[in-house]
Peer 1: 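Take this structure, written in structure tokens, and hold onto it; I'll ask about it next.
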2 protein chains.
Amino acid sequence: MSNKPNLEKYEPLAEACKALSHPARLAILQRLAEQGTCICGEIVDVMPLSQASVSQHLKVLKQAGLITGTIEGPRTCYCIDTKAIARLRKSTEALFGKLESCC
Amino acid sequence: MSNKPNLEKYEPLAEACKALSHPARLAILQRLAEQGTCICGEIVDVMPLSQASVSQHLKVLKQAGLITGTIEGPRTCYCIDTKAIARLRKSTEALFGKLESCC
DNA sequence: TAGCTTAATCGTATATCGACGATGAACGAT
DNA sequence: ATCGTTCATCGTCGATATACGATTAAGCTA
């Protein structure tokens, strides 16, 4: 029995952290939260990035499961997935709890 | 006055998340926490990575301020910086708090 | 001093990220 | 049908990340 930690075990959290590891994506999440209601490509107007780049970041957040995107006619409406955020919050709290109890 | 969010504002948290965004680094942190006391290159024996790679990950964690490394004779002793973890925990909690109050 | 251990760094190769212009696809309006 | 709007995707490019063998540096021991 090897006691090498199974790195796969840490992949979900690592993936989530990766999704949060870009200032633009944090700004997008914050914006979505502030709007309360879902907003769309209006994010593009507000971000200092091209439409393509914003779309790319939205895709990353969506693939990470942190936001949902629903097509509404010609536009797409993005919204924070609060359940997913709550789960991630629990995971990070569990991690930090362990780490803080060290030393 | 533009209402474009200042992305620089999000950089510190993004940087911290980046440091957490690799399974090996999460495993190292966990290991450091479990040991309670500081450990050294024994991490290398335990991780499924080369000594060079582990050293690289330790460097990333150290540069992110999440761990400290002190040289003790021929070895280096790494330890979780609980204060830094606590600060990061606060930051993420603040973020998640805002995000969860959405929709 | 010579040899061993430990760990950082170098050099290299590959993969992924991030940005953006250009293009395409879907839809609504005329 | 044609146009305009909205947004996703493609293709490309430079930068960064990751892994690892090889080397170096530092310290201990004999």
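Protein chains get the first letters and strands the later ones, always in sequence-line order, with residue 1 at the start of each.
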Peer 1: With a 4.5 Å cut-off on side-chain heavy atoms, are Y10(A) and Q30(B) touching?
Peer 2: yes
Peer 1: Give the rounded distance in Å between these two atoms: CZ of R75(A) and P of dT6(D).
Peer 2: 6 Å
Peer 1: Can you give me the N/O atom pairs linking the protein to nucleotides 14-18 of chain D at distances under 3.5 Å, or say none if there are none?
Peer 2:
| residue | atom | partner | partner atom | Å |
| --- | --- | --- | --- | --- |
| dT18(D) | OP2 | R25(B) | NH1 | 3.3 |

Peer 1: Could you check how far NZ of K59(A) sits from P of dC10(D), rounded to whole Å?
Peer 2: 7 Å
Peer 1: Compare all side-chain heavy atoms of T82(A) with those of L99(B) and state whether any distance is below 4.5 angstrom.
Peer 2: no
Peer 1: Would you say Y78(A) and I28(A) make side-chain contact, with heavy atoms under 4.5 Å?
Peer 2: no
Peer 1: Could you check how far CD of Q51(A) sits from P of dT23(C), rounded to whole Å?
Peer 2: 15 Å
Peer 1: So does S53(A) get a side-chain nitrogen or oxygen closer than 4.0 Å to the phosphate oxygens (OP1/OP2) of dC20(C)?
Peer 2: yes
Peer 1: Take the protein atom CD1 of I67(B) and the nucleotide atom P of dA7(C), then report the distance between them rounded to whole Å.
Peer 2: 13 Å
Peer 1: Atom CG of L61(B) and atom P of dA8(C): how far apart are they, to the nearest Å?
Peer 2: 12 Å
Peer 1: I need the CE-C1' distance between M47(A) and dC7(D), as an integer number of Å.
Peer 2: 16 Å
Peer 1: Please state how far atom CD in E72(A) lies from atom P in dA8(D), giving the value in whole angstrom units.
Peer 2: 12 Å
Peer 1: Looking at S55(A) and A52(A), would you say the former's side chain and the latter's main chain have a donor-acceptor pair under 3.5 Å?
Peer 2: no
Peer 1: Please compare A52(B) and A52(A) by the position of their nearest nucleotide in DNA chain C and report the one closer to 5'.
Peer 2: A52(B)
Peer 1: How long is the gap from CD on Q56(B) to CZ on R25(B), to the nearest 0.5 Å?
Peer 2: 8.5 Å
Peer 1: Just by distance, do the side chain of R89(A) and the backbone of L95(B) share a donor-acceptor pair under 3.5 Å?
Peer 2: no
Peer 1: Between dC7(D) atom C1' and K62(A) atom NZ, what is the distance in whole Å?
Peer 2: 11 Å
Peer 1: What does L49(A) touch in the nucleic acid at a heavy-atom separation under 4.0 angstrom: a base, only the sugar-phosphate, or nothing?
Peer 2: sugar-phosphate
Peer 1: Start with the C-alpha gap between R31(B) and E42(B), add the side-chain angles, then the distance that decides, and say whether salt bridge (Lys or Arg N to Asp or Glu O under 4.0 Å) holds.
Peer 2: CA-CA 10 Å; R31(B) 177 84 187 177; E42(B) 170 256 7; 2.4 Å; yes
Peer 1: Is the distance from OP1 or OP2 of dA8(C) to the nearest side-chain N or O of Y78(B) less than 4.0 Å?
Peer 2: yes
Peer 1: Should S50(B) be listed as having a side-chain N or O under 4.0 Å from OP1 or OP2 of dG21(D)?
Peer 2: no
